[in-house]
**Q** 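The structure's right below; bear with me while I get my questions together.
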Amino acid sequence: MKKTGAEILWECLLREEVDTVFGYPGGAIMPVYDAMLKYPVHHVLPRHEQGAAHMADGYARASGRVGVALATSGPGATNLVTGIATAMMDSSPIVCITGQVPAHLIGGDAFQEVDVTGVTLPITKHNYLVTSASEVAQVVREAFHIARSGRPGPVLIDFCKNAQFEETEFEYPDEISLPGYQPPQHAPEKDLAEAVKLIEKAERPVILAGHGVLMSGAMKELEIFATKTQTPVAMTLLGLGALPASHPLSLGMMGMHGEAFCNNAIQNADLLLAYGMRFDDRVTGKLRTYAPRARKIHIEIDPSEVHKNVEVDVPLMGDLKTVLTDLIPLVEESEHEDWKTQIAAWRQETEERSIMSQPVNGKLHAAHAVRALWKATGGDSILATGVGQHQMWAAQYYRFDKPYRLITSGGTGTMGFGLPAAIGSWFAHQDKAVWLIDGDGSFQMSQAELSTAVQEGANIKVAILNNSYLGMVRQWQELFMDKRYASTALTGPDFVKIAEAHGVPAKRATTPDEVSPTIKFAQETPGPVVLEFVVEKEDNVYPLVPSGADLDAMIRRPITREPAS
């Protein structure tokens with residue numbers, strides 16, 4: 001059965017169960033777009049190629065499937081780079097397909113030629129340059145396998161234009177063999193035995209649950225292990241939802257802006273069980289003083305992450321769900337009542353300092369808007385965010401009882417991620433409410449994608465927390481640079497008018513009393529809606545672990561008023 005390379009691409013995508021792609025056409029990818037019209041795939045046209053990558057990423061995180069982004073050569077391909085790096089740092093499975101100049105022109109500085117495989121080599125799990133139609137089927141099959149297996153990540157296929165036109169016999173490779181790529185599954189029995197010894201001796205254990213719990217689908221196994229051993233569970237930003245926030249063993253988020261009692265527990269633990277997390281600098285603080293009395297067990301599928309930042313006593317190499325399934329029958333039931341009592345005391349002191357325990361006094365704080373949104377949605381919506389203060393307030397005050405509900409950029413901290421990621425998430429779950437909590441700075445980086453939401457009828461509700469600053473940078477300038485606010489004051493547009501110009505209904509809230517009716521307006525209005533919450537300009541995210549400080553050396557919210565009754 002002879003087909004063109006472009007047709008073979010779509011044949012392979014269908015066999016990989018791809019039903020939605022996000023892309024922007026151009027000269028070097030035009031044969032692929034022409035062939036697309038023959039196939040039952042829904043194409044979403046963003047307003048910028050970076051939006052396509054973030055949409056594919058949001059789709060992948062919300063669905064657990066591989067997201068697909070298309071772009072042309074040159075600037076189209078390079079505009080994907082930030083989205084690819086975002087997916088790489090956060091282990092998100094996407095496949096990006098870029099057009100390239102014909103093979104015989106490569107290296108000749110042809111129009112819109114860029115060596116995108118060279119550019120993306122450090123930020124992809126793997127990439128390919130396809131110069132012949134005969135390569136397409138095998139490359140696509142391998143790309144999807146690599147993207148979704150082991151530690152997931154982005155794969156790029158650079159597709160020469162001549163290979164898109166050429167015809168060849170099409171045969172889909174059902175079997176795949178990559179001898180040099182065999183992600184581990186089961187940890188060795190001797191390592192499991194060593195881990196069990198440490199677990200049985202521990203009096204003050206803490207589980208550190210990362211994004212790998214969600215990537216492996218190990219939420220049930222995590223809860224079974226934690227309950228059997230009565231081990232409190234701290235979560236990374238991307239691990240939120242791995243254990244329900246309402247679970248009695250949940251410590252919430254750890255790290256730079258994590259719960260103070262959670263960080264105290266980590267620093268005083270005698271055993272850390274790291275599940276699918278990589279000990280990045282935002283969760284450890286100063287490495288030399290990190291959990292100084294704790295032995296450490298690390299379950300990890302990527303060998304490069306073991307001992308990279310923190311030396312561990314027992315590495316358990318394998319798929320997290322599989323390793324936990326093997327480990328659970330080997331451990332005895334525990335209680336750790338004294339340890340849980342101590343953590344409860346730290347928790348009470350943390351809650352007394354929370355802004356939620358302070359009187360409102362007529363001021364609209366971002367945290368109150370986030371908590372009101374959580375209550376209004378019952379915590380059941382998919383929540384995307386941009387990056388900045390609003391992202392941390394969302395993580396702190398929107399309580400995640402279910403996995404795959406928080407869609408946010410962790411490792412790269414990509415401003416502008418929120419709106420396109422929310423759109424991608426909606427295509428993964430059109431039956432669910434999708435909200436975006438964004439900042440005025442982050443939103444302006446990708447606000448053009450409102451038109452994409454309108455064109456697609458995407459039921460996206462946008463909540464902009466507008467403090468007229470690049471808030472996180474301003475906060476650091478306030479605390480560490482004597483309030484020298486260099487280029488962080490932000491003059492923004494009228495967000496209500498911007499939304500209406502795109503054809504999106506919008507509403508603004510400026511007082512606490514207006515918050516709930518404004519959210520209700522969005523919930524009752526079909527299709528995309530934009531809400532603007534004009535919040536306190538110089539409010540800060542607390543707690544804060546300064547760069548280079550011990551994890552428990554947190555700057556805490558000052559208590560300057562009596563707690564609310």
Side-chain angles (χ1 to χ4, degrees), residues 1-26 28-46 49 52-73 76-77 80 83-84 87 92-100 116 124-149 152-161 163-176 178 423-424 427-428 456:
M1 182 169 59
K2 279 202 168 186
K3 291 186 176 293
T4 67
E7 291 170 335
I8 291 172
L9 172 65
W10 292 110
E11 292 282 353
C12 293
L13 292 180
L14 289 181
R15 285 164 174 77
E16 295 293 341
E17 300 183 350
V18 174
D19 54 19
T20 305
V21 299
F22 307 89
Y24 208 98
I29 197 75
M30 202 176 300
V32 166
Y33 272 85
D34 185 60
M36 178 183 71
L37 300 177
K38 304 175 185 177
Y39 294 90
V41 175
H42 183 73
H43 181 272
V44 179
L45 178 67
E49 289 92 350
H54 292 328
M55 288 176 195
D57 190 345
Y59 177 91
R61 296 186 200 220
S63 69
R65 300 167 64 186
V66 178
V68 178
L70 302 177
T72 191
S73 64
L80 293 175
I84 293 171
S92 188
I94 66 173
V95 170
C96 294
I97 301 162
T98 54
Q100 184 55 277
V116 71
T124 51
K125 192 174 175 185
H126 194 60
N127 66 25
Y128 297 88
L129 175 63
V130 174
T131 61
S132 168
S134 62
E135 304 171 53
V136 176
Q138 184 68 30
V139 163
V140 174
R141 183 73 175 88
E142 289 182 11
F144 275 78
H145 173 71
I146 292 169
R148 65 164 67 99
S149 61
V155 177
L156 180 131
I157 301 171
D158 199 28
F159 198 175
C160 286
K161 194 170 184 178
Q164 298 172 43
F165 278 121
E166 289 172 3
E167 287 192 345
T168 190
E169 291 291 332
F170 170 58
E171 183 177 347
Y172 186 70
D174 293 322
E175 298 287 328
I176 190 166
L178 297 172
I423 293 171
F427 276 99
E456 294 293 336

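Worth knowing before you read on, the calculation uses all heavy atoms, side chains too, and leaves out hydrogens, waters and symmetry mates.
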**Q** Going through the distances and angles, do H43 and Y33 end up as a side-chain contact (heavy atoms from CB on, under 4.5 Å)?
**A** CA-CA 10 Å; H43 181 272; Y33 272 85; 2.8 Å; yes
**Q** Looking at CG of L70 and CD1 of I97, how far apart are the two atoms once the value is rounded to the nearest 0.5 Å?
**A** 5.0 Å
**Q** Are the side chain of R148 and the backbone N or O of R65 linked by a donor-acceptor pair below 3.5 Å?
**A** no
**Q** Minimum heavy-atom separation for H54 to G83, with atom names?
**A** CE1-CA, 3.5 Å
**Q** Between V18 and F144, does a side-chain contact (heavy atoms from CB on, under 4.5 Å) hold up when you go through it step by step?
**A** CA-CA 10 Å; V18 174; F144 275 78; 3.7 Å; yes
**Q** Any carboxylate oxygen within less than 4.0 angstrom of a Lys/Arg side-chain nitrogen, looking at K3 and E11?
**A** yes
**Q** Distance from Q138 atom CD to E171 atom CD, nearest 0.5 Å?
**A** 10.5 Å
**Q** NZ/K161 to CD/Q100 distance, rounded to the nearest 0.5 angstrom?
**A** 11.5 Å
**Q** Decide yes or no for C12 and F170: does some side-chain heavy atom of the first lie under 4.5 Å from some side-chain heavy atom of the second?
**A** yes
**Q** Partners of D19 by side-chain hydrogen bond (donor to acceptor under 3.5 Å, both in side chains), sequence neighbours excluded?
**A** Y59
**Q** Starting from the C-alpha separation in whole Å, work towards a yes-or-no answer on side-chain contact (heavy atoms from CB on, under 4.5 Å) for L45 and Y24.
**A** CA-CA 6 Å; L45 178 67; Y24 208 98; 3.9 Å; yes
**Q** Any side-chain heavy-atom pair from L13 and V41 closer than 4.5 angstrom?
**A** no
**Q** Once you measure the plane-to-plane angle for F22 and F427, does it fall in the parallel (<30°), tilted (30-60°) or perpendicular (>60°) bin?
**A** perpendicular
**Q** Q164 pairs by side chain to side chain contact (heavy atoms under 4.5 Å, CB included) with which of V136, V32, T4?
**A** V32
**Q** Taking salt bridge (Lys or Arg N to Asp or Glu O under 4.0 Å) as the cut-off, I'd like each qualifying pair that reaches into residues 53-62, sequence neighbours left out, listed once.
**A** D57-R61, R61-D90
**Q** Could you pull out the closest heavy-atom pair between A69 and L80, with the gap in Å?
**A** CB-CD2, 4.4 Å
**Q** Please report the closest heavy-atom contact between A60 and P93, naming both atoms and the distance.
**A** CB-O, 3.4 Å
**Q** Is a side-chain N or O of T20 found less than 3.5 angstrom from the main chain of H42, in a donor-acceptor match?
**A** no
**Q** Which distance, rounded to the nearest 0.5 Å, do you find between the NZ of K125 and the CD1 of I84?
**A** 15.0 Å
**Q** Which pair of heavy atoms, one from A143 and one from I157, lies closest together, and at what distance?
**A** CB-CD1, 3.8 Å
**Q** For a side chain to side chain contact (heavy atoms under 4.5 Å, CB included) with H126, tell me which candidate from L178, I146, L156 qualifies.
**A** I146
**Q** Are side-chain N/O atoms of Y172 and E16 paired as donor and acceptor at under 3.5 Å?
**A** yes
**Q** State the NZ-CD distance between K2 and E166, to the nearest 0.5 angstrom.
**A** 11.0 Å
**Q** Nearest heavy-atom pair of V116 and A77: which atoms, and what distance?
**A** CG2-CB, 3.7 Å
**Q** Testing the 3.5 Å rule here: is there a donor-acceptor pair between the side chains of Y128 and E135?
**A** no
**Q** How far apart are the closest heavy atoms of A87 and I94, and which atoms are they?
**A** CB-CD1, 3.8 Å
**Q** Please test E456 against V44 for side-chain contact (heavy atoms from CB on, under 4.5 Å), starting from the C-alpha separation and ending with a verdict.
**A** CA-CA 7 Å; E456 294 293 336; V44 179; 4.0 Å; yes
